[in-house]
Protein chains: 2
Amino acid sequence: MHENKYPLVDAARDARFITIRSLRTPEGRSRTGLYLIEGIRHVAQAVEHHAPIHSVFYEPSILSNRFGQKLARRLRRSGVSGTRLSPQLYRQLTLASEPQGIGAIVRQHWTRLADVRVARDSLWLGVESIDSPGNLGTIIRTAEATGVGGIFIVGDNADPWAPAAVRASMGSLFSQQFVRCSIREFADWAKSCGVVVVGSSPTGLLDYRDLRCRWPAALLVGSERQGLSEHLIEVSDFMVRIPMRGRCDSLNVAVAAGVLLRSVGDEQFPSHHVRVACVTSDNASNFISNS
Amino acid sequence: MHENKYPLVDAARDARFITIRSLRTPEGRSRTGLYLIEGIRHVAQAVEHHAPIHSVFYEPSILSNRFGQKLARRLRRSGVSGTRLSPQLYRQLTLASEPQGIGAIVRQHWTRLADVRVARDSLWLGVESIDSPGNLGTIIRTAEATGVGGIFIVGDNADPWAPAAVRASMGSLFSQQFVRCSIREFADWAKSCGVVVVGSSPTGLLDYRDLRCRWPAALLVGSERQGLSEHLIEVSDFMVRIPMRGRCDSLNVAVAAGVLLRSVGDEQFPSHHVRVACVTSDNASNFISNS
């Protein structure tokens, strides 16, 4: 590999290194609109999904994997800018337990609320204040696997571009549509597009297995500790719960989101059963009294 | 609080401190049969669930919470042995991002295979080689919330007593029954007790939504990277998959376990539907051909 084609950066005070490192912090990501990805698999997925790669960085002595070397070469040849980091700087930067010697800076892709197109049979996800970026990334991965149309990041307390979220998403965030908006903007969007809002809470009145709602629909999940805010509960047409057994009072938020996304998604894409799925939010009370 | 009642440990070479610290490693836990818990909530849950607390440790200047101080006092008065750690040693030990100044050493509780009692309508979980202790702990939490009878740790590659597993289990592991066994022992147990074994894999032939199996049943989940081993697949009466959409080829293992446990568990405890749940493994082929 012609590692001399990318300039070497070996001083911690080098502006290029400082920029890369700053992307580990919320401020750095917010200021630049960029984020970090690490590892051969993630960089390859970013290329495959045509993610807007800003630049690449690598450390030749660690990047021993043939495929990884080929990937770096391909990126350089296609005109992507990049830097070669000294072993010491790379070690300072990496968050991987087994560093692979390559990473990239990618532009965050946000969809404007006005540009969201709502198909009649689409399922959406809204997240509010997820504390753990690992949980958020896992939720993004599940959302992709469930075929959601896009993810609303409601408020400022969840960052899909945090390193742990990127890692846990396993590449799903490259193809996912993200919309950042306020509660009010979300409520207006749902109303104007005729989207049924399904909130979730351990104290929701409706057993999630009894939910039959029309489409399009959006599932809302709140933070690990506080759940959904009062305002988002008010916005919800249904409030569903996952019934608990044993001494647990709740599930992990990513597990709960998975169970609910699969269940709500199955209403649209059943395996080979025919189900009745045409109840509007107007008859919500029927179901609440049944649960 | 009479903090002088517990002896002060302030030297890193003190045997008591070395023992506590060793419980952060698999070797230390395996050698002693003990494990570490940290934080007021976990210690309180251990007390509540009558977990076999071996000893308690705390650091008075960090333990500012009233309830936490009361808890430490209560433990001391009830004759639980303990140590007071110097601030420096406590900081060396803690894995918490916001340390609360209290923790405990607890005895691991394993159930012998011969002592497992299988109720006719019980659901069991078997895990094999879960790489991430956080995922394992989340699975334990979900298992408790789904009312499983107990968890089989098949093989030596998953440790429910690892600090990250304990943390993610949110106290669920105190009341859970754990059985460590080999694949052969698990297979013999399932056969002799008439337990239907439901394996899971992204390439399973049967859509999990089409599974109708008789009880008792055991769900098997494998590692994040490799899934179930060939031998456990052979042991399984059914192999179910969660169908994927988008570009994902799999879900996070804790999310997958959650979706499957809820779904299999719902066969036993439906919300208000009546379902047919009496298919034996003999007609597995019917369902596989349907999927």
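Reckoned from all heavy atoms, side chains included, excluding hydrogens, waters and symmetry mates.
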Next on the checklist: Donor-acceptor check, side chain of Ser263(B) to backbone of Leu260(B), threshold 3.5 angstrom: yes or no?
Outcome noted: no
Item to check | Contacting region of Thr138(B) [heavy-atom separation from chain A under 4.5 Å] | outcome: side chain
Item to check | Ring center gap for Trp215(B) and Trp124(B) short of 6.0 angstrom | outcome: no
Checklist entry - Do Arg141(A) side-chain atoms and Leu251(B) backbone N/O form a donor-acceptor pair below 3.5 Å? => result yes
Checklist outcome for this item: Those residues at least two apart in sequence (or on a different chain) that pass side-chain contact (heavy atoms from CB on, under 4.5 Å) with Arg107(B) are Leu34(B), Pro52(B), His54(B)
Item to check | Residue, of His49(A), Glu48(A), Met244(A), that accumulates the most heavy atom pairs under 4.5 Å with chain B | outcome: His49(A)
Checklist outcome for this item: Those residues at least two apart in sequence (or on a different chain) that pass side-chain hydrogen bond (donor to acceptor under 3.5 Å, both in side chains) with Arg167(A) are none
Item to check | Sub-4.5 Å side-chain heavy-atom contact between Leu228(B) and Met239(B) | outcome: yes
Checklist entry - side-chain contact (heavy atoms from CB on, under 4.5 Å) with Pro202(A): which residues, sequence neighbours excluded? => result Ser250(A)
Checklist outcome for this item: For residues 168-177 of chain A against chain B, heavy atoms under 4.5 Å, the residues are Ser172(A), Ser175(A)
Checklist outcome for this item: Counting heavy-atom pairs under 4.5 angstrom with chain A, the leader among Ala143(B), Pro243(B), Ala145(B) is Ala145(B)
